[in-house]
Visitor: 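Mind looking over this structure? Questions follow.
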Protein chains: 2
Amino acid sequence: MDVDALTIQEAAQTTGWSSRMLRYVESMGLIESRRSPAGYRLYGPEELQRLRTLRELLAQHEVGLSEMGFALRLRREEDLSRAVEAWFEAEVSRPDDVPAADWLRFEQEKHERLLAAALS
Amino acid sequence: MDVDALTIQEAAQTTGWSSRMLRYVESMGLIESRRSPAGYRLYGPEELQRLRTLRELLAQHEVGLSEMGFALRLRREEDLSRAVEAWFEAEVSRPDDVPAADWLRFEQEKHERLLAAALS
DNA sequence: AAAACCTTGACAAGATCGCGGTAAGGTTGG
DNA sequence: CCAACCTTACCGCGATCTTGTCAAGGTTTT
């Protein structure tokens with residue numbers, strides 16, 4: 001057994017998670033540990049530290065694991081984070097080559113057409 | 001009644017949401033509309049457009065409203081976004097003034113002490 | 001004044017989350 | 001070889017999320 005690694009339940013004790021939750025955290029891709037030849041999870045000092053700080057983070061900011069999972073998606077999926085960013089950024093999103101006033105008029109007419117169609 | 005604004009159920013028709021969900025979206029702080037003197041929600045072209053793009057975003061990326069709500073928190077709460085950023089960034093998080101090697105040793109010893117205490 | 005809206009608030013069905021437990025089976029150390 | 005670990009795969013339960021619907025009351029339109 002490695003000198004510098006804890007098994008899952010030892011890791012649970014020092015970090016304040018349960019072993020059940022350690023596997024859960026891993027299943028969301030937040031912290032993956034290395035494995036022994038037999039497939040046992042082995043937690044080194046870095047993982048332990050990250051587990052502790054993760055715990056603090058969640059507690060201090062009222063954040064859940066699934067929200068951290070989404071944060072992970074945001075930094076892994078480039079196009080997702082761009083789309084989200086763009087949505088928050090744009091009060092009115094429009095093609096760059098259309099002047100704002102024209103675009104607004106176009107949108108108004110479009111929604112009027114759509115509304116007329118929907119109500120007919 | 002304003003020329004250029006739709007009531008909640010008209011807005012629902014053109015955007016593909018239900019009026020119930022429009023109120024729900026508002027309750028998460030994602031899209032707030034202005035109100036008529038009597039308190040009726042009035043949706044202008046900008047809100048309608050953002051509602052449509054929000055819908056697309058959610059559908060195309062398999063994202064839920066609560067996750068967009070979290071994204072909103074991330075861009076409103078400075079310290080939260082810094083904490084999340086820092087957690088993902090740091091393989092090992094440590095004070096800036098402590099050299100990496102020493103810190104690592106310190107952490108090891110600390111977790112050994114904690115473990116010993118926990119198991120005694 | 002009646003019909004057709006709107007408001008907030010509540011209840012409810014179904015899905016997902018957070019977490020524990022259990023079962024069946026492989027590994028490790030004394 | 002046996003006790004005490006570990007693995008994955010489930011079942012379940014309380015809490016929360018999503019969404020609809022309904023109730024009680026105000027507004028707008030005709």
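Within every chain, numbering begins at 1; the chains are lettered A, B, ... in the order of the sequence lines, protein sequences first and strands thereafter. Since the structure is predicted, the reported quantities are computational estimates derived from the model, not experimental observations.
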Visitor: Using a strict 4.0 Å threshold on nitrogen-to-oxygen distance, state whether B:E26 and B:R35 make a salt bridge.
Guide: yes
Visitor: What is the distance, rounded to the nearest whole Å, between atom CG of B:L6 and atom P of C:dC5?
Guide: 14 Å
Visitor: Take atom CD of A:E62 and atom P of D:dT16, then tell me their distance rounded to the nearest Å.
Guide: 11 Å
Visitor: Looking at the side chain of A:I8, which of D:dT28, D:dC6, C:dG18 is the nearest nucleotide?
Guide: D:dC6
Visitor: Mind calculating the distance between CD (B:Q9) and C1' (D:dT28) to the nearest angstrom?
Guide: 13 Å
Visitor: Mind checking whether A:R34 and A:E47 have side chains closer than 4.5 Å, heavy atoms only?
Guide: no
Visitor: Record whether the side chain of B:Y40 comes under 3.5 Å of the base of D:dG26 through a donor-acceptor pair of N or O atoms.
Guide: yes
Visitor: Between B:R41 and C:dC6, is there a contact of a side-chain N or O with OP1 or OP2 at under 4.0 Å?
Guide: no
Visitor: For the pair made of CD in B:E67 and P in C:dT16, what is the distance, rounded to whole Å?
Guide: 12 Å
Visitor: What is the distance from CD of B:Q13 to C1' of C:dA4, rounded to the nearest Å?
Guide: 14 Å
Visitor: Which of these nucleotides, D:dT19, C:dG18, D:dG20, is closest to any side-chain atom of A:L65?
Guide: C:dG18
Visitor: Using a 4.0 Å heavy-atom cut-off across all strands, classify B:S19 as base, sugar-phosphate, or nothing.
Guide: nothing
Visitor: Atom CZ of B:R35 and atom C1' of D:dT27: how far apart are they, to the nearest Å?
Guide: 14 Å
Visitor: Students often get this wrong, so: under 4.0 angstrom with heavy atoms, is B:R23 touching a base, only sugar-phosphate, or nothing?
Guide: base
Visitor: Among D:dC17, C:dG20, C:dT27, which nucleotide has an atom closest to any side-chain atom of A:R20?
Guide: C:dG20
Visitor: Nearest nucleotide by nearest heavy atom, which residue falls closer to the 5' end of DNA chain D, B:P37 or B:G64?
Guide: B:G64
Visitor: Can you see if the side chain of A:S66 gets near the phosphate of C:dT16 - specifically, an N or O under 4.0 Å from OP1 or OP2?
Guide: no
Visitor: Within the 4.5 Å heavy-atom criterion, are A:L58 and A:M68 side-chain neighbours or not?
Guide: yes
Visitor: Any side-chain heavy atom of A:Y43 within less than 4.5 Å of one from A:T7?
Guide: no
Visitor: Rounded to whole Å, please give me the gap between CZ in A:R34 and C1' in D:dC6.
Guide: 15 Å
Visitor: Testing the basics here: between A:W17 and A:L51, what is the closest heavy-atom pair and its distance to 0.1 Å?
Guide: NE1-O, 3.1 Å
Visitor: Please check the phosphate of C:dC6 (OP1 and OP2 only) for any side-chain N or O of B:T7 closer than 4.0 Å.
Guide: yes
Visitor: Just how far, in rounded Å, is P of D:dT28 from CD of B:E10?
Guide: 14 Å
